[in-house]
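Chain naming here is simple, since letters A, B, ... match the order of the sequence lines and numbering starts at 1 in each. In what follows, every heavy atom counts, from backbone to side chain, and hydrogens, waters and symmetry copies are set aside.
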Amino acid sequence: MASQKVTEWRKLPISLTELCIETTLRCGQSFRWRKINEQWHCVLKGRLISLKQDPTHLHYKVTWPTSTATPKNEHPQDFEDDTSVLLHNYFALSHSLTTLYAQWSLSDANFARRAPAFTGIRILNQDAWETLISFICSSNNNISRISQMVLKLCTHYGPYVATVEGEAFHDFPGPEALAGEGVEAHLRELGFGYRAKYIAETAGCVAQVYGERWLLRLRNPGVPALRAAEEDILVKKEEGAEEKESVESKADLDNPPTYQKAHEALLTLPGVGPKVSDCVCLMGLGWGESVPIDTHVWQIAQRDYNFGGKGSAKTKTLNKAMYVAVGDHFRKIWGPQAGWAQSVLFTANLKSFSEQAAGVEKKRVVKVEEESQEEMVTTAEVVPKPGKNKGVVVKIEESEEMAATTSVAMSRKRKTVAAEVIPKAEPDATVQTTTTRTLRSSKRIKSQV
DNA sequence: GTGGTACCTTTGAT
DNA sequence: AATCAAAGGTACC
């Protein structure tokens, strides 16, 4: 412990409206950041990162593990530069959040009303594998327990890195670590419930069938991976593999992934449905147009965007068609980074942030009171309602029509296929017929390995 | 092809 | 005190 290698504090210039770690790290994107003594800590890519923030800068220091005698550890100076790039990529700092908020506020009155209390919320560019497993854990669950479960995964299966104030920090375990024999039973003992099977089976698929590289190939090519060298590392790793692999690799260059393809591909994993797939696309693969529709966003869509209301009498519940319709609507009004805007409203809707929402809402009401009494009446209650929001009323007919066609396409893919077919990036024409998501077939895949 | 229901566990509300 | 719904859903019938 005394032999931990710790760098000095460094800083990146950034304003609180561009990034607010207090909100971004607590809003249910990443489940591993822990706050100790006013500093945030998390292991990313083998190193412990500690963060603190003031109005003008993000301060960070790095703690490297000592015992693991990788050659890199002998040159800590290389790592400091690496960490700066890592943080830049992790927080996706190439996007101007201020500009995005301004655009969303112009095109959406509801966003303009909610966002002022929740500035600085960014979508994190996280590791795809970690995002996948974390959000498999998230089903029918709450943020507090998800965080506990992810912590258990790390302490039981991930490599130890460092200790802060007596608390051990491990990195997130790789697919191989979670693909072992007794993992499912062990995770059940640890309180994972029915998710234990999903995690073990998905780990088996990724580690033994699809290959770890498969996940990286689903990334948005325009968004760099956490470490720029990540793809190269994986390519090198598998260079000695069979010829078939390299052929696939060439085919991929001709067929770059799209959001739709990535979404479909993830659906083949056990425990991954549309919502979890969208979370991985958005936060783990760099697809900004992905909009995960969970119970909260569905509530928002009904309350603030006229979904599931009088117009569409039948659909009170969120079915597959409605899932697509809601996402399409948000993409329409928010544009290519719709998933980023979604996370702002999502956070504003969380119970754990209700004070923050109420606080600014009160201030706003006072302001409005001076200007317009009529508006004041509608917003004085605890739950404000959309006032001048008629411009974004949903065109239900159009949405349902689109959803219907998509639904047919989605259902068509529910066919069992040989395991070898799945890992490949399919040609456009056959995308919908080459995937399966039945538990039986995923077991078959595992048993073939 | 849709819509309902079970699934693990914890927590907060009645 | 006991019971219940909800928690960033998915698989199966």
Side-chain angles (χ1 to χ4, degrees), chain A residues 24 26-31 121 123-124 126 131-152 184-202 263 266-284 290-301 308 312 314-327 330 339 342-354 400 403-416 432 435-443:
Chain A
T24 299
R26 290 194 302 132
C27 70
Q29 292 189 57
S30 170
F31 303 96
I121 299 178
I123 290 296
L124 300 172
Q126 302 183 75
T131 311
L132 173 61
I133 296 301
S134 297
F135 281 95
I136 287 178
C137 291
S138 79
S139 79
N140 218 344
N141 209 344
N142 55 66
I143 293 177
S144 170
R145 182 154 83 118
I146 299 164
S147 303
Q148 295 176 47
M149 289 163 67
V150 170
L151 178 60
K152 284 176 183 172
E184 179 185 339
H186 185 213
L187 292 182
R188 279 212 172 251
E189 288 176 21
L190 291 174
F192 280 65
Y194 60 82
R195 304 167 197 81
K197 180 188 281 187
Y198 297 155
I199 293 169
E201 289 185 349
T202 287
H263 189 264
L266 291 169
L267 288 178
T268 65
L269 296 167
V272 178
K275 189 270 176 182
V276 171
S277 179
D278 268 322
C279 287
V280 179
C281 282
L282 177 64
M283 305 167 203
S290 174
V291 182
I293 311 297
D294 55 53
T295 171
H296 287 154
V297 177
W298 175 231
Q299 283 174 25
I300 292 168
S312 57
K314 294 180 291 186
T315 50
K316 175 77 176 177
T317 58
L318 181 58
N319 56 29
K320 202 167 285 182
M322 193 57 73
Y323 185 97
V324 175
V326 173
F330 285 141
Q342 169 270 353
S343 79
V344 176
L345 294 193
F346 170 83
T347 304
N349 206 55
L350 281 178
K351 272 185 314 197
S352 50
F353 286 91
S354 59
E400 281 183 342
T405 57
T406 311
S407 180
V408 171
M410 288 176 82
S411 64
R412 216 185 295 150
K413 81 184 178 197
R414 194 181 167 85
K415 296 177 181 174
T416 50
Q432 288 131 355
T435 56
T436 178
R437 52 196 338 281
T438 65
L439 202 55
R440 228 178 304 124
S441 59
S442 74
K443 276 181 182 170

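Atom CD in A/Q299 sits roughly 11 Å away from atom C1' in C/dA7 (whole-Å rounding). Between the CZ atom of A/F192 and the C1' atom of C/dT10 there is a distance of 17 Å, given to the nearest Å.
Take A/N142 and apply the side chain to side chain contact (heavy atoms under 4.5 Å, CB included) test, not counting sequence neighbours, and it matches A/S144, A/R145. A/K275 is linked by a side chain to side chain contact (heavy atoms under 4.5 Å, CB included) to A/F135, A/S138, A/C279, A/P292, A/D294, A/Y323, counting only residues two or more places apart in sequence or in another chain. With sequence neighbours excluded, the residues that form a side chain to side chain contact (heavy atoms under 4.5 Å, CB included) with A/S277 are A/H263, A/L266, A/L267, A/V272, A/C281. With sequence neighbours excluded, the residues satisfying side chain to side chain contact (heavy atoms under 4.5 Å, CB included) with A/I300 are A/R303, A/D304, A/Y305, A/L345, A/N349.
Rounded to whole Å, the C1' atom of B/dA6 lies 16 Å from the corresponding atom of C/dA5. The P atoms of C/dT10 and B/dT11 are separated by 23 Å, rounded to the nearest whole Å. Between the P atoms of C/dG9 and B/dT2, the separation comes to 23 Å (whole Å).
Within 4.0 Å (heavy atoms only), A/C27 reaches at least one base atom of the nucleic acid. A/G28 comes within contact range of at least one nucleobase, with a heavy-atom separation under 4.0 Å. Residue contacts for A/R195: at a heavy-atom cut-off of 4.0 Å it reaches a base atom on one of the strands shown.
Donor-acceptor pairing under 3.5 Å, judged by distance alone, is absent between the side chain of A/Y198 and the base of C/dG9.
Counting only Watson-Crick or G-U wobble pairs whose defining distances are both under 3.5 Å, the stems of 3 or more consecutive pairs in DNA chain B are B:3-7 with C:9-13, B:9-14 with C:2-7.
If you check residues 141-150 of chain A against DNA chain C, the residues with a heavy atom closer than 4.0 Å are A/N141, A/N142, A/I143, listed by number.
Listed nucleotides: C/dG8, C/dT10, B/dC8. Nearest to the side chain of A/N140: B/dC8.
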